[in-house]
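Chain identifiers are assigned alphabetically (A, B, ...) following the order of the sequence lines, protein sequences preceding nucleic acid strands; residue numbering begins at 1 within each chain.
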Amino acid sequence: MTDVRRADQDGAGEAWEMVVGLEVHTELKTATKLFCGCANLFGDEPNTRVCPVCLGLPGSLPVLNQRAVELAMAIGTALHCEIRPSTFHRKNYFYPDMPKDYQISQYDEPINVSGWLELPGGRRIGIERAHLEEDTGKTAHAGASGRIHGAEYSLVDYNRSGVPLVEIVSAPDMRSSAEARAYAAELRAILVACGASDGKMEEGSMRVDANVSVRRGPDAPFGTRCEIKNLNSLRSLGRAVDFEARRQIALLESGEVVVQQTRHWDEGEGRTVALRSKEEAYDYRYFLEPDLVPVVPDPAWITAVGASLGPLPGERRARLATLVAGALPAGAGGSPDPGVGADLEGAPGVSDADQEQISTVVDLGLDGLVTAAVEGGIPARLALARTANEAATDAAAAAGLDPRAYTSLLAMEVAGSLSATQVKAVLHDLLAGGGDPAELARARGFEAMADGALVAVVQEAVDSHPAEWDRYRGGEEKLAQFFVGQVMKATRGQANGKAVVAELERLAAR
Amino acid sequence: MTEAPGTSPGPAASAAAIAADVRSGRRSASAVTEQSLAAIAAGDGEVNAFALVTADSARRRAEEIDARVAAGADPGPLAGVPVALKDNLCTRGVPTTCCSRILDGWCPPYDATVVERLAAAGAVVVGKSNMDEFAMGSSTETSAFGPTRNPRDTSRVPGGSSGGSAAAVAAGFTPIALGSDTGGSVRQPAALCGVVGMKPTYGTVSRYGLVAFASSLDQVGPLAATVADAALLFDIIGGHDERDTTSLDRPAPRLASVVDQGVDGMTIGVLAEYLEGADPAVAGRIAQAAEVLAAAGARVEEVSVPEVRLGLSAYYLIAPAEASSNLARYDGVRYGLRVDAEDTVEMNVATRSAGFGAEVKRRIMLGTYALSAGYLDAYYGQALRVRTRIIDGFAVAYERCDALLGPTAPTTAFELGAKLDDPLSMYLSDVCTIPSNLAGHPAISVPFGTGSDGLPVGAQVLAPALAEATMFKVAAVLEAGAPVGGAA
């Protein structure tokens, strides 16, 4: 179920509406931790990236990482927040993976407040705050279950202790699981674009908690909310939000009440389970961190951080859409490659499929490749399709591609000197090890096929299938694909489909 | 009154004189160190100023310094000077326990900044001095290593919490020592032991490596036999440290040379509120101190800062609140004591129950309560507002005065055990020192005669933030004019 809106069972009139707000923690891509000089390299050999400060040894003191402040301000700028003087508090509670038994976090004076994020559809979701805090270590429970209960012993890795985090708290502005997913995806793209985060939900560098409540229609007061933790993917987020809304509706419709709780999403079982209720919540005894001083960024610094931000995903998507919308319609190019040609059959403008490819390319930060290719004379849809469908399969390598090499490879496809299949093969080589596309094509023996050899193969196909040739000459154009297939078979896919059709047309016109 | 065997309270060689001798080769650092170690061996059985004597490393260190002198190098302004470090200052590879069972055997992997600076100046650390557990106390009786006794009268407490450091200087074990002062823990024991003790302006001495009690109040401070030595020691430990964010971005102080410049033309206020609860003999000595300053050319007048009366109450909310958070990390997970139990939470509880003494537990509970939901504003919040009022009150006084004068403690040294079961009475011992911590201002205690019981009285000089130079000048005049022997 993706939509909880449905007719009210007791006929009161208004359908149920879900209300979702998200709290997103993102690890910042700084070289060092938030309050010490240890490398920010979680995942190394346990407890090798630690020092007296991030181990909370007696007598140690925190010193704020300026780069973390800059990245927090970059996030605030990208989310249209007001960047303000801020302070740090101590959030006190006992937990073995928190070496000081308090977390240093921004509380009532966060660095970023009152912003918004625009979803790709245009709807704006409010951002209440985006503040800095330190991460905890990580506990592994040894024993049968892997959970804390029943564990024989526990091991703590403090490499993550003190890693800088920004927590981004949205307003309760989302009204469906689809919106929640779209928000998380867009936020992830923004964080990546800021250079603040690698945005990897599955690896925990971006962690999402969802506050979910339901109410009878858009004018009703907010219902009691539950906070859902352990959402490790966009899919989990969507499923958990839907499950939770259904659970709350079922409770209310059977005359029960929703109890304010923290709940855990069990991905395997597909349900949320209660962790603790509001009454059992910790009293964190927040007070101003006496070991740090207020952060008062001067306006010039804030301006410099804003100026250093590149274009954000929304802007970059719009730019690609403009390129695609301005692309010449299909007739001009006549590409036989169905992957590229399909959308060109439709009206000019930007189709849903285009949008999807554009989002993929922007999310992976590969839009620069597309733009460079278009500037190099490659049709926008071809550049977009090759980037979204092929280059994206190895995004890390693609991000490092020389745009000139990429453009010259696509130019070979446009010129007909390489087939689509060949271009994909050469692109594979290019992503794997770089190099000159023309040489890579030669190394695969592709180039010879371009000229005389192709003529011979096409002639052979025509000679071997006289009946089909007569029908083609008689006007059955669809048989062109038959001959293309024959030639592909004979050349093991190395021929250029467009060049084959051109040769067929030449022969038929003789 | 019993005299500690082997100790001869009285003028020992000053740190400055020792360093001059060692630098010039007239005396060896090794000879100085042996003399200090011998005095400790002879006298500390009764005084118990040390939680740990580091004789071997002190001897090695002295040999290094002698080798440097022999090679023509200058080991620095404290060359060969024996020093005692309060046991809440981190020393690399040397146990640092805050005299608590919960840190039993813990060896820090690093030196506190002040310890590094002492080493760079050529000092020789002879041991870790005794203290009230986690610096919570005014008598050095809550130490896990047993109480320190006052070298002036071993039936009396030395004051606290830096009682071991004050006793080490008073007994002549070391000419100088470092303590920490959160509510008077350097100045009050200095007063009770008859030595000089100073609390610097908050932020002038790095707290990196000082095990935190109440972070917004804690400062490391020097103890010495003379005002000049205290200034010398402050010059060495002071100055910016990038590892402490609350450290002021200022160059190291250079005050040793200005100490003797006198008080002519200064206006000094005698702080009326500090005399209110003072023992009459103590109050008499302060009146006498005021006369000394007047005779030296200062204009002396009575000043009232009524807000300081609120200091004690505010302090006993702010300091425990911060302590409850600072001491949370002693949970048995990573270092120090661990008492095993069924699960993590029970292990935390068992460890903390066994590892902390009664006074520490009392303050953790008090502070946890002061910060808890529903009480935060009424207690902690109110205390912070009082703190601001005290700062404002001092500011008014400093519009007229360059410095203020009062007693350091309301009484002379009391008997061991006299106040241990009466926390409020113990807390009152710091009533005249706490306001300077709340304000973040510097203050110094200078021996000024004795009380009716023949025990030392400390005169306290208070100054505005960063006015250590003024403070030291006043202190030096009091030191020079202090009565010798006899009751007031």
Name the region of A:Tyr158, side chain, backbone, both or neither, that has any atom closer than 4.5 Å to a heavy atom of chain B.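 Side chain only.
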Interface moiety of A:Asp283 toward chain B, non-hydrogen atoms closer than 4.5 Å: side chain
When B:Ala328, B:Ser325, B:Ser216 are compared by non-hydrogen pairs under 4.5 Å with chain A, the top option: B:Ser325
Count the heavy-atom pairs under 4.5 Å between each of B:Ala112, B:Cys90, B:Gly209 and chain A, then report the option with the highest count.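 Heavy-atom pairs under 4.5 Å are most numerous for B:Gly209.
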Using only heavy-atom distances, determine whether the side chains of B:Ser372 and A:Arg285 contain a donor-acceptor pair under 3.5 Å. no
Could you tell me which portion of [X] (side chain, backbone, both or neither) has an atom closer than 4.5 angstrom to a non-hydrogen atom of chain A?
X: B:Leu376; result: side chain
X: B:Val333; result: side chain
X: B:Tyr375; result: neither
X: B:Tyr202; result: side chain
X: B:Thr368; result: both
X: B:Ala373; result: both
X: B:Tyr110; result: side chain
X: B:Asn326; result: both

Nearest non-hydrogen partners of A:Leu292 and B:Thr245, listed with the distance: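 Minimum heavy-atom contact is CD2-OG1, 3.9 Å.
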For B:Leu103 and A:Pro58, work out which heavy atoms get closest and say how close.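 Nearest heavy atoms, B:Leu103 then A:Pro58: CD2-CG, 4.3 Å.
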Using only atom types and a distance under 3.5 Å, with no angle test, would you say the side chain of B:Thr344 pairs donor to acceptor with the backbone of A:Pro96?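 Side chain of B:Thr344 to backbone of A:Pro96, a donor-acceptor pair under 3.5 Å: no, none is there.
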Look at the side chain of B:Arg329 and the backbone N and O of A:Gly56, then say whether any donor-acceptor pair between them is shorter than 3.5 Å. yes
I'd like to know whether B:Arg207 forms a side-chain contact (heavy atoms from CB on, under 4.5 Å) with A:Leu61, so could you lay out the CA-CA distance, the side-chain angles of the two residues, the decisive distance to 0.1 Å, and finally the verdict. CA-CA 8 Å; B:Arg207 292 184 297 117; A:Leu61 294 171; 3.9 Å; yes
Does atom CZ (A:Arg207) have a neighbourhood of more than 12 heavy atoms from anything else shown, all under 6.0 Å? yes
Would you find more than 12 non-hydrogen atoms of other residues, nucleotides or ligands less than 6.0 Å from B:Arg92 atom CZ?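 Counting neighbours around CZ of B:Arg92, 12 or fewer heavy atoms of other residues, nucleotides or ligands fall under 6.0 Å, so no.
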Residues B:Asp331, A:Lys100: salt bridge by 4.0 Å N-O rule: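 No, no charged N to carboxylate O under 4.0 Å.
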